[in-house]
Amino acid sequence: MSTPVTNTENKIQYTAKDFTSDQEVKWCPGCGDYSILKQVQTILPQIGVPRENIVFISGIGCSSRFPYYMNTYGMHSIHGRAPAFVTGLRIANPELNVWLITGDGDALSIGGNHLIHILRRNVNTNILLFNNEIYGLTKGQYSPTSPEGLKTKSSPYGVVDHPFNPVRLAMGAEATFIARTVDRDPKFLREILLEANNHKGSSFVEIYQNCIVFNDKAFEVYTDKTTKKKEVLMMKHGEPLIFGEDDEKAVVLDGYTPRIVEWEKEGLSKDDLWIHDMFDKYKANILIDFFDDPKTPHHFPRPFGIFYKKERAVYEEMVNKQVEEVKKQFGEGDLQKLLKGEHTWTVE
Amino acid sequence: MSTPVTNTENKIQYTAKDFTSDQEVKWCPGCGDYSILKQVQTILPQIGVPRENIVFISGIGCSSRFPYYMNTYGMHSIHGRAPAFVTGLRIANPELNVWLITGDGDALSIGGNHLIHILRRNVNTNILLFNNEIYGLTKGQYSPTSPEGLKTKSSPYGVVDHPFNPVRLAMGAEATFIARTVDRDPKFLREILLEANNHKGSSFVEIYQNCIVFNDKAFEVYTDKTTKKKEVLMMKHGEPLIFGEDDEKAVVLDGYTPRIVEWEKEGLSKDDLWIHDMFDKYKANILIDFFDDPKTPHHFPRPFGIFYKKERAVYEEMVNKQVEEVKKQFGEGDLQKLLKGEHTWTVE
Amino acid sequence: MSENITFEKKKHITVLFAGDSGDGMQLTGTQFTNTNALYGNDVSTFPNFPAEIRAPQGTLSGVSGFQLQFGSNEIYTPGDEVDLLVAMNAAGLLSNLHKVKKGGTILVNTSGFDAKNLRLAKSEENPLISGLLNEYRVIEIDITKLTKEALKDTALSTKEAERSKNMFVLGFLYWLYNRKLDATIQFLEEKFAHKPELLEANVKVLKAGYNYGDATNVFTERYEVEKAKLPKGEYRNITGNAATAIGMIAAAHQSGLDLFYGSYPITPASDILHELSKRKNFNVKTFQAEDEIAAVSSAIGASFGGALGVTGSSGPGIALKMEAIGLAIMLELPLVIVNVQRGGPSTGLPTKTEQADLFQAVYGRNGEAPLAVIAAKTPADCFNAVYEAARIAIEHMTPVMILSDGYLANGSEPWRYPKVEHLRPIKPPFAQKSDLSDDVFLPYHRDKKLVRKWAVPGMKGFEHRVGGLEKEAETGNVSYDPENHEKMVKTRQAKVDNIANDIPQQAIETGKESGKVLVLGWGSTFGAIKTAVMECIEEGMDVSQAHLTYLNPLPRNLEDVLNRFEKVLIPEMNNGQLVHIIRDKFLLNAVPLNKIQGVPFAVNEIKEKIKEIY
Amino acid sequence: MSENITFEKKKHITVLFAGDSGDGMQLTGTQFTNTNALYGNDVSTFPNFPAEIRAPQGTLSGVSGFQLQFGSNEIYTPGDEVDLLVAMNAAGLLSNLHKVKKGGTILVNTSGFDAKNLRLAKSEENPLISGLLNEYRVIEIDITKLTKEALKDTALSTKEAERSKNMFVLGFLYWLYNRKLDATIQFLEEKFAHKPELLEANVKVLKAGYNYGDATNVFTERYEVEKAKLPKGEYRNITGNAATAIGMIAAAHQSGLDLFYGSYPITPASDILHELSKRKNFNVKTFQAEDEIAAVSSAIGASFGGALGVTGSSGPGIALKMEAIGLAIMLELPLVIVNVQRGGPSTGLPTKTEQADLFQAVYGRNGEAPLAVIAAKTPADCFNAVYEAARIAIEHMTPVMILSDGYLANGSEPWRYPKVEHLRPIKPPFAQKSDLSDDVFLPYHRDKKLVRKWAVPGMKGFEHRVGGLEKEAETGNVSYDPENHEKMVKTRQAKVDNIANDIPQQAIETGKESGKVLVLGWGSTFGAIKTAVMECIEEGMDVSQAHLTYLNPLPRNLEDVLNRFEKVLIPEMNNGQLVHIIRDKFLLNAVPLNKIQGVPFAVNEIKEKIKEIY
Ligand SMILES: Cc1ncc(C[n+]2csc(CCOP(=O)(O)OP(=O)(O)O)c2C)c(N)n1
Ligand SMILES: Cc1ncc(C[n+]2csc(CCOP(=O)(O)OP(=O)(O)O)c2C)c(N)n1
Ligand code: SF4
Ligand code: SF4
Ligand SMILES: [Mg+2]
Ligand SMILES: [Mg+2]
């Protein structure tokens with residue numbers, strides 16, 4: 001989402017500490033949630049919004065405890081419904097800076113419907129989906145993003161459900177800002193958070209988050225120094241899609257078919273490579289499909305960054321605009337006239 | 001879905017009438033639902049499944065009255081939840097031939113979550129989504145597929161919600177069979193119904209259906225003789241994507257960018273055109289995005305037919321397979337042993 | 001006007017329009033109602049239509065009915081027995097004949113009794129000639145034909161022409177009851193503003209109907225129902241759903257809040273959404289949510305943001321809202337939930353009326369989750385009920401449910417609409433600077449009424465977090481402390497119980513303050529009970545009526561009121577719900593009277609029961 | 001063994017293990033329980049842990065506790081007062097000290113009382129030296145150090161080594177209460193089958209703990225709790241959730257149906273899903289649905305398909321299921337709904353226990369939607385309750401809800417498990433060829449018990465449609481007929497009421513058949529009430545106990561039973577729910593006793609109340 005910077009005259013200079021509530025943080029030691037909390041608290045001073053105009057709304061889950069730790073307005077709502085609370089709040093007051101905190105179970109299992117609807121409506125909010133591919137708070141059942149075969153408390157013989165690719169679902173739901181990032185890359189996470197906040201509309205940010213207790217190392221290949229460079233494809237707008245131990249690999253498009261090349265070996269220059277264009281939906285669709293199991297041979301690297309961004313009318317602005325238009329058309333409502341209605345008579 | 005043809009020895013020769021229940025059909029005269037009912041009743045004799053093995057399950061809506069009119073097993077369930085009933089039924093008995101009947105409100109508004117989950121799981125069923133871009137049964141409110149600006153009972157000043165494109169949402173939800181068809185083209189509808197039934201997994205079929213009372217002519221450009229040929233893009237696997245009054249137009253791909261050509265004028269042969277390949281996901285993604293308002297200039301025609309088809313493991317088969325595997329591994333469960341547990345002692 | 005026709009004075013008349021769903025009976029009934037109301041009669045209406053949008057033409061299941069009673073005295077019900085049945089076809093006649101008073105009049109459109117119509121109505125014989133109607137006075141008019149006749153010089157197709165046959169009926173009835181055509185003509189002018197040929201046709205047929213009465217001798221008497229002696233004031237006619245919508249707007253206006261209405265369409269509640277969607281110039285924001293859970297959640301979100309959050313639905317949708325209502329109880333935010341009850345369980349009888357969601361309202365949540373509940377008793381009273389619900393929700397920072405039903409929702413009556421300045425003011429308990437102690441805001445600090453303060457995002461210095469986990473008293477921080485939990489559960493209960501100190505004592509509506517039988521009701525049974533009790537009193541019986549608006553908490557003096565009578569009779573359109581609450585609260589052996597037929601009580605059904613237990 | 005140590009005989013002992021969430025208290029408690037149970041004691045347990053997965057180490061909110069009582073007589077509760085508190089750190093001590101009997105023993109791990117731990121526990125002074133523990137017998141052992149000591153020759157890191165300190169405690173307690181290490185060693189062998197170094201370490205520490213007792217003189221007495229004189233038979237230990245899962249499997253097995261369990265994870269019900277997921281070789285199909293609505297709907301779908309459809313959740317999830325349960329009531333299909341209640345309202349106290357969903361169970365649906373309700377009274381009784389629920393659901397073709405709670409779910413007790421051949425047979429009322437009349441199947445034709453026949457897709461000639469709209473008697477076709485609706489509402493009610501003829505009469509559990517005070521309970525208060533009543537009787541008081549399993553319908557003779565007593569006391573872990581149902585049904589002024597603290601009643605709390613009203 002993006003919010004008009006209000007209160008600029010006597011703008012307060014915040015630090016991350018100003019966004020830290022007095023409540024003890026109660027995640028497991030080593031949980032990826034800590035890093036995300038910290039990065040959010042770190043970037044908030046930069047967005048220029050007074051603290052009282054910021055609201056964090058979450059569902060239920062480990063990740064959804066987030067609002068308690070923020071010294072802003074906040075609501076820890078019920079499981080899966082945060083998008084609906086956010087929508088109501090934004091319609092009621094489109095001036096606020098609203099963040100929606102959710103987990104893979106919260107957003108994609110019980111809350112799937114509200115998620116796809118907030119995306120299609122394009123409510124101006126920043127959706128941070130903490131994807132740990134597991135249910136943390138309920139102690140380790142599989143989630144709609146758990147990979148097939150995963151053994152969990154509720155799948156002792158392995159998951160048989162085919163998982164969602166959250167960014168693909170977001171695209172299917174008409175999202176206008178789609179990004180992926182990861183808890184263990186704080187700098188990059190902050191960048192994406194700021195970009196998300198700058199986007200006007202629903203900014204959907206999937207954050208790979210490590211649940212150290214129930215699904216440890218689920219994203220290790222994307223964060224571990226030894227594997228990261230060859231498994232992560234960093235998407236930067238206007239830059240070629242290069243990856244590999246020594247940036248020796250790249251992705252190119254043969255027509256509409258993506259292909260991995262060793263670009264220098266093959267005599268290609270940077271200009272010959274696929275230059276990332278986050279405004280191109282067709283290309284975004286292809287990148288989103290880079291979702292191979294990193295254990296399979298010849299797999300594509302996993303893209304991180306902003307897949308897609310598009311300007312589209314913001315729902316609550318349209319709602320409020322229509323209110324203004326109707327006022328203009330019919331004049332500010334006159335309650336006595338409304339009570340009176342069209343046809344009256346008098347009893348003497 | 002596809003179902004093993006059982007009971008073949010003494011196979012009954014059905015006619016459409018055998019699938020007609022004794023209940024009076026109560027849709028409005030001229031409602032598009034009639035045609036769909038008729039086509040379903042017409043193709044059922046061809047699928048070779050005994051009537052008692054066929055089940056129709058629906059949610060709530062005009063369209064969801066469907067099961068009452070079928071002389072098979074049926075359930076008119078509650079609003080939006082048909083996919084969940086179907087999933088339970090299929091897991092309980094994977095031998096049945098199950099059809100899921102739903103509307104645009106039922107499937108995409110209240111039932112959106114169940115729809116995306118049945119698609120990702122790939123439960124073997126035929127999902128017929130009667131899309132009339134309106135709430136029929138509740139008398140004319142807009143639905144998640146209503147176009148922006150539509151004036152309805154609940155949007156007297158015009159809809160401000162950006163609509164879903166149902167086939168795009170299905171793709172985002174990992175659907176394995178995605179098709180679009182229309183009530184007023186019975187032959188083509190029957191073809192698609194049969195293809196859907198032949199597909200193993202969740203077959204998602206969006207059917208444009210005219211609600212003569214509350215949203216008449218919503219799809220007229222795709223059915224009216226005078227406009228149909230230039231607005232409809234018929235997708236046939238292995239054939240070029242040709243359309244236009246005299247089949248003079250076609251779609252080609254420039255790299256990954258689709259373009260409309262007047263092919264003969266431009267000296268192209270059929271082989272130069274985009275040959276539809278329903279197994280190609282990248283291309284399906286592009287076709288799915290042909291969703292322009294037909295009133296805008298230079299718009300793409302609306303595609304009808306099968307966008308995409310992919311074989312993927314069927315959920316309830318995996319569930320039942322796991323049961324069998326566990327039985328193999330640990331032996332058929334011994335209830336007395338289970339009651340006894342691991343550690344017992346005797347009180348004399 | 002034919003000379004030899006006289007006017008017979010009548011105190012009240014019950015008319016039932018019955019025809020095919022496509023015959024425009026609802027519109028005809030509404031017009032006839034409005035005209036009588038504008039004339040000065042008291043009126044009560046009961047529209048009754050099939051669940052199908054266009055049920056098969058001509059069939060019994062396709063019949064659409066609109067019943068109304070109008071009178072020169074106060075009218076509380078649409079009438080037990082019909083004086084005049086207008087039957088546009090055989091199905092309309094056959095499915096409603098039993099409602100007609102013996103000796104009553106039946107006006108039939110003979111075109112609706114052809115072979116096809118008889119077959120569709122599953123009638124082997126033609127009732128017009130079979131003798132079935134011997135005990136009635138039957139007026140046969142070929143309305144279809146006369147309508148076509150009237151329009152033969154216009155450009156309208158036969159089908160289009162036929163469609164205005166309801167105007168013929170209406171015109172004829174205006175003649176019969178000596179009413180002016182003005183209001184209906186004005187309505188038609190608005191409706192067909194952009195279709196002059198249809199306007200002209202409809203007016204033509206309306207007048208043709210009137211003139212037919214004047215010109216022919218089918219009736220030798222006309223009827224005169226004088227103006228009712230209603231309390232002085234200005235009146236309008238209003239349906240329950242419209243009154244509900246307007247009540248919300250008024251409450252928002254008087255509390256200085258924007259109105260947010262989050263809803264998902266469902267019969268019979270949808271019209272509230274439709275009505276509000278039109279009223280955006282009152283700072284009304286309507287949100288058609290993806291489902292009922294999103295609807296209620298969005299309303300809570302809006303309340304959190306400082307609006308008056310309201311959500312509305314009917315039984316099945318209300319079921320889905322319960323988890324979130326529990327959260328609202330925990331958050332202690334204002335929220336109004338409207339339940340326009342319909343026949344249940346499950347999908348049930350979606351277009352029919354019932355009062356079977358009282359248990360759900362009072363008890364239907366997990367955990368100790370007390371919810372204030374208010375019921376509307378007449379269509380116009382929906383205004384008061386929702387206004388009062390909003391007042392309590394805002395001033396007590398708590399969700400309040402209002403129970404309406406299909407009968408109230410679609411029924412209408414004259415309403416002496418209030419003056420804005422007479423509306424009770426509503427004061428949102430917004431947090432003030434003075435609520436900060438040491439610069440800290442305690443979101444769960446309470447006033448004497450146990451109400452917490454409302455701090456809204458945007459208010460500097462009041463930043464705080466709320467949520468569904470049990471909260472520590474005062475601070476609102478998450479707390480798993482056993483004693484704190486017990487204290488908070490009891491506090492939330494006490495807070496809702498306390499509302500009893502902010503509502504009127506229970507009054508006796510009709511009859512003496514003590515005596516033999518008290519008929520205790522709630523909701524839309526009001527009119528039937530009132531009429532029954534009044535008639536019993538006229539017959540010299542010792543019967544009184546008390547009618548509950550506040551169902552949770554109950555009025556403080558209710559036990560006292562009940563104890564002043566020997567017997568308490570509780571009629572309900574359900575299988576017995578209030579009666580169980582009363583038994584529980586007061587250990588009082590009240591007598592239930594239950595009707596579960598999707599239609600309101602007849603006055604006589606209640607009278608009979610009173611007599612039975614008297 | 002030191003020579004001068006004697007054995008003191010005890011009838012029962014209550015031990016509470018308290019430490020950090022990471023200290024393995026739950027495992028320690030479970031092992032200690034199993035060993036005592038295997039020895040032959042009667043046992044009752046109460047695990048109590050924070051809502052956080054790993055609440056901050058060392059803090060008060062991070063304390064995890066496991067209390068158990070074991071004895072040589074019958075044990076019904078985990079004990080009011082603790083004889084031995086094991087405190088692994090300062091927070092564990094401070095948050096549980098009030099539970100320890102004056103003069104009781106406290107075993108502390110001194111390492112858990114360093115400056116950091118004191119700070120985290122918000123303790124300004126060190127309780128070990130502040131005099132706080134003057135009234136107790138305190139045994140200080142540096143368990144952490146001794147554990148590390150024991151493992152110093154292994155390859156384990158300090159952190160890994162420390163983690164087995166709970167085994168030291170366990171070993172020491174085995175010495176103190178003269179128990180064998182065998183069962184725990186066997187458990188460790190299984191647990192660490194693939195980690196031999198951890199197995200070795202744990203066994204080493206376990207033995208070190210035992211030997212420490214033997215070698216030192218910290219205790220001069222050991223305690224002997226003899227085998228309990230339980231009814232003859234074979235026993236095992238079982239938790240409520242495990243018993244629930246096994247009960248479902250047994251019911252499916254005995255009815256010849258496949259078991260389908262559709263559920264969405266939620267504390268404290270999830271373990272049922274986990275347990276069943278392991279048991280696929282019993283033809284158990286588990287479906288982790290996308291939400292609770294899908295869970296219950298899938299179970300109904302499975303029942304429609306001929307399986308035993310079961311769904312389970314806790315309060316907030318049950319709220320979401322209500323609309324679909326209404327459908328199941330309308331469809332008249334078997335369905336079992338398990339509600340493992342937790343502290344509410346809303347998200348409430350997710351890991352704590354409560355009985356506040358009774359109203360929701362009995363009343364929480366739209367329309368007239370009667371639901372059979374059964375409650376389990378002890379962990380092992382969950383087996384009977386769910387078995388009975390399934391029997392009624394299947395044989396009466398109706399949904400049945402079973403109420404368990406967090407205390408039953410996680411608590412455990414010895415269970416004299418049944419022989420398969422003694423399980424009551426369950427007969428699904430499948431439609432037969434003989435149910436066809438003229439080749440037509442009437443899906444809503446009923447037998448004398450008002451039960452319809454179950455025809456499952458695949459059965460030729462029985463094709464039919466069901467749905468949530470009101471249905472015509474017999475045919476099941478959609479019907480909007482007023483009389484039919486009333487008939488069907490009453491029939492569905494009568495059908496559920498009829499279940500009363502198929503359940504046992506209410507018995508007196510403890511005490512005389514009539515007298516002064518009857519304590520009436522339901523659910524998990526059973527043990528506390530039983531103990532309280534037994535103790536009162538021992539003290540010469542005229543008190544009896546009756547405990548309800550069947551909450552809807554109530555046993556036929558219940559009114560009679562209640563009327564045989566002067567006073568009826570109803571203790572509940574809620575703000576009063578059963579008491580209102582009893583008041584309503586029998587106009588009986590029962591006395592409520594309510595505790596709403598997320599923890600079970602202490603025996604004494606009930607005794608005090610009995611004495612107060614006596
Ligand atoms: C209605 C309802 N159903 C179920 C639950 C139990 N529940 C709480 S959190 C959760 C899932 C948590 O997973 P996720 O959203 O991935 O968050 P995480 O804990 O992994 O951060 C569930 C099932 C609930 N609180 N409410
Ligand atoms: C829980 C619930 N909410 C709302 C309704 C009311 N309702 C019935 S059908 C319907 C939508 C119908 O639209 P659609 O699914 O598009 O079907 P159509 O009538 O257009 O075929 C709604 C909102 C309901 N029956 N149940
Ligand atoms: S359970 Fe997992 S997600 Fe939850 S706090 Fe612990 S590490 Fe984090
Ligand atoms: S309202 Fe529309 S969708 Fe419904 S039956 Fe009538 S024409 Fe068909
Ligand atoms: Mg998660
Ligand atoms: Mg529709």
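Quick note: numbers below take in every heavy atom, side chains included, and nothing from hydrogens, waters or symmetry partners. Below, chains carry the letters A, B, ... as their sequence lines are ordered, and counting in each starts from 1. What you see is a predicted model, and the numbers here were worked out from it, not measured in a lab.
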Proximal component of N283(D), with respect to chain B [non-hydrogen, under 4.5 Å]: both
W345(B) side chain vs Y39(D) backbone, donor-acceptor pair below 3.5 Å: no
Side chain to side chain contact (heavy atoms under 4.5 Å, CB included) evaluation trace for Y73(B) with M459(D): CA-CA 9 Å; Y73(B) 281 92; M459(D) 287 172 61; 3.4 Å; yes
From NE2 (H79(B)) to CG (L327(D)), nearest 0.5 Å: 14.0 Å
Taking every non-hydrogen atom, the tightest pair across S297(D) and R81(B): OG-CB, 3.8 Å
Donor-acceptor contact present, side-chain N281(D) to main-chain V326(B), <3.5 Å: no
Contacting region of E190(D) [heavy-atom separation from chain B under 4.5 Å]: side chain
Pairs of heavy atoms under 4.5 Å with chain B: top-ranked of E234(D), K285(D), Q186(D), K229(D): K285(D)
K227(D)/E348(B) under salt bridge (charged side-chain N to carboxylate O under 4.0 Å, His left out): CA gap, chis, key distance, verdict: CA-CA 11 Å; K227(D) 292 187 188 199; E348(B) 307 283 331; over 6 Å; no
Largest heavy-atom contact set with chain D, pairs under 4.5 Å, which of V55(B), L335(B), I54(B): L335(B)
N/O donor-acceptor pair under 3.5 Å between E463(D) side chain and N53(B) backbone: no
Per-residue contact mode, R65(B) against chain D (heavy atom under 4.5 angstrom): side chain
Parallel, tilted or perpendicular: ring planes of F287(D) versus Y315(B), cut at 30 and 60 degrees: perpendicular
Pick from L338(B), N113(B), N71(B) with the largest number of heavy-atom pairs that fall under 4.5 Å of chain D: L338(B)
Contacting region of A183(D) [heavy-atom separation from chain B under 4.5 Å]: neither
Top of V319(B), N320(B), T72(B), V323(B) for chain D proximity - count of heavy-atom pairs under 4.5 angstrom: T72(B)
Minimum-distance pair of heavy atoms, taken over all atoms of Q336(B) and P418(D): NE2-O, 3.2 Å
Residues, nucleotides or ligands: over 12 heavy atoms within 6.0 Å of E342(B) CD: no
CE on M75(B) to NE2 on H464(D), rounded to 0.5 Å: 8.5 Å
Nearest-0.5 Å distance that lies between atom OG1 in T344(B) and atom OH in Y235(D): 12.5 Å
Pairs of heavy atoms under 4.5 Å with chain D: top-ranked of A82(B), S77(B), S21(B): S77(B)
For chain D, the option from N93(B), I91(B), I116(B), D334(B) that forms the most heavy-atom pairs under 4.5 Å: I91(B)
Chain B contact via V284(D) - side chain, backbone, both or neither, heavy atoms under 4.5 Å: backbone
Option in A307(D), A289(D), A250(D) with maximal non-hydrogen atom pairs under 4.5 Å from chain B: A250(D)
Spatial distance of atom CD (Q322(B)) from atom OG1 (T286(D)) [nearest 0.5 Å]: 7.5 Å
Nearest non-hydrogen partners of L339(B) and F383(D), listed with the distance: CD2-CE1, 3.4 Å
Sub-4.5 Å side-chain heavy-atom contact between R121(B) and E290(D): yes
P414(D), part contacting chain B, at a heavy-atom distance under 4.5 Å: both
Distance in Å, R51(B) CZ paired with K460(D) NZ, rounded so as to fall on 0.5 Å steps: 8.5 Å
Straight-line distance of T475(D) OG1 to D22(B) CG, nearest 0.5 Å: 8.5 Å
Proximity breakdown for L38(D) and chain B, heavy-atom pairs closer than 4.5 Å: both
Those residues of residues 251-262 of chain D, ordered by number, that approach chain B below 4.5 Å (heavy atom to heavy atom): H253(D), Q254(D), F260(D)
Interface residue of largest heavy-atom contact number with chain B, from A242(D), G305(D), A243(D), A294(D), under 4.5 Å: A294(D)
Flag if over 12 foreign heavy atoms under 6.0 Å of NZ, K327(B): yes
E226(D), CD: over 12 other non-hydrogen atoms inside 6.0 angstrom: no
R236(D) side chain reached by K340(B) side chain, heavy atoms, under 4.5 Å: no
Chain B contact via L331(D) - which portion, at a heavy-atom distance below 4.5 Å: side chain
Side chain Y68(B), main chain R465(D), donor-acceptor under 3.5 Å: no
Heavy-atom proximity to chain B below 4.5 Å, by part of R416(D): neither
Partner residues of R424(D) under the salt bridge (charged side-chain N to carboxylate O under 4.0 Å, His left out) criterion, sequence neighbours left out: D502(D)
